[in-house]
Amino acid sequence: MTYSFEPRILAICCQWCSYAAADLAGAMRLQYPAGIRIMRVPCTGRVDILHMLKPFEDGADGVFLSGCLLDDCHYKNGNYKATKRVAYTKEILAGIGLEPERLEMFYNSSAMGPQFARTCRDFHERIRLLGPSLLPAQAQSA
Ligand code: FES
C-alpha cells in the first residue's frame with residue numbers, strides 16, 4: 001500500500017498583483033496542485049498574525065502569502081509589513097512545535113502567472129515533504 005499525502009494549503013493573495021498572477025496562470029492553463037485554495041485580500045499588509053495562525057488550527061498543512069513585488073505595493077508598504085509579520089509568525093509556529101517552513105511570504109506581479117504557478121508547485125512540494133501538520137490533532141487533545 002502506498003501512502004499519498006495531499007497537503008491542504010491556503011494561499012493569501014493581494015488582489016492587485018498576486019491574485020491577478022493566479023488568474024493569469026489559470027488563463028494560461030498552467031498547472032498547480034489542486035490542494036491550494038486561494039483567498040483574495042486587498043493587500044498582504046492587511047493580513048494579521050491571527051489570519052496566518054487560524055488556518056493551521058483549522059487543518060491547513062501550509063499557508064503562504066503572496067503580495068506585490070517589494071516597492072510595488074498599491075498601499076505603499078503593505079508587503080513590507082506582511083514580510084515582518086510572517087517572520088514573527090514563523091517564530092510563533094516554532095514555539096508551538098510546528099515547522100516554520102509551513103508559512104512563507106512570496107512576491108508576484110500581475111504579469112508573473114508562470115512564476116505564481118511555480119511558487120505553488122514548489123511550496124506544495126515543500127509541505128508534502130514535511131508531511132501533515134499535527135496541529136489539529138494536538139489542538140483536539142488539549
Ligand atoms: Fe499587493 Fe499591498 S497591494 S501587497
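These values consider heavy atoms only, across backbone and side chains, with no hydrogens, waters or symmetry-generated copies. This structure is a prediction, so every number in the text was calculated from the model and none was measured. One-based numbering, in listed order, for ligands and for the atoms of each.
Residue contacts with ligand 1 for Cys14 involve side-chain atoms from C-beta outward but no N, CA, C or O (heavy atoms, distance under 4.0 Å).
Among the atoms of Cys43, no N, O or S atom falls under 2.8 Å of atom 1 (Fe) of ligand 1. At a cut-off of 2.8 Å, Cys17 does not coordinate atom 2 (Fe) of ligand 1 through any N, O or S atom.
Atoms of ligand 1 found under 4.0 Å from any heavy atom of His74, numbered from 1 in the order shown, are 3 (S). Below 4.0 Å from some heavy atom of Trp16 lie the following atoms of ligand 1, by number and element: 3 (S). Close approach of ligand 1 to Cys73 (heavy-atom distance below 4.0 Å) involves ligand atoms 2 (Fe), 3 (S), 4 (S). Which parts of ligand 1 touch Thr44 is read off a 4.0 Å heavy-atom cut-off, strictly below it: atoms 4 (S).
Between Gly131 and Phe5, the closest heavy-atom pair is C-CE2, 3.4 Å.
In this structure, CG in Leu30 is found 7.0 Å from CZ in Arg121, a value given to the nearest 0.5 Å.
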Before you tell me yes or no, could you show the steps for Phe116 and Cys13 under side-chain contact (heavy atoms from CB on, under 4.5 Å), namely the whole-Å CA-CA distance, both residues' side-chain angles and the distance that decides it to 0.1 Å?
CA-CA 10 Å; Phe116 182 82; Cys13 298; 3.8 Å; yes

Should Phe56 and Asp61 be marked as a side-chain contact (heavy atoms from CB on, under 4.5 Å) after you check the CA-CA gap, both sets of side-chain angles, and the distance that decides it?
CA-CA 6 Å; Phe56 288 107; Asp61 300 299; over 6 Å; no

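Test Val63, Ile9, Ile36 against Phe123 for side-chain contact (heavy atoms from CB on, under 4.5 Å) and you get one pass: Ile9. Considering Ile12, Val41, Ile38, Leu24 as possible partners of Tyr19, the one that fulfils the side-chain contact (heavy atoms from CB on, under 4.5 Å) test is Ile38.
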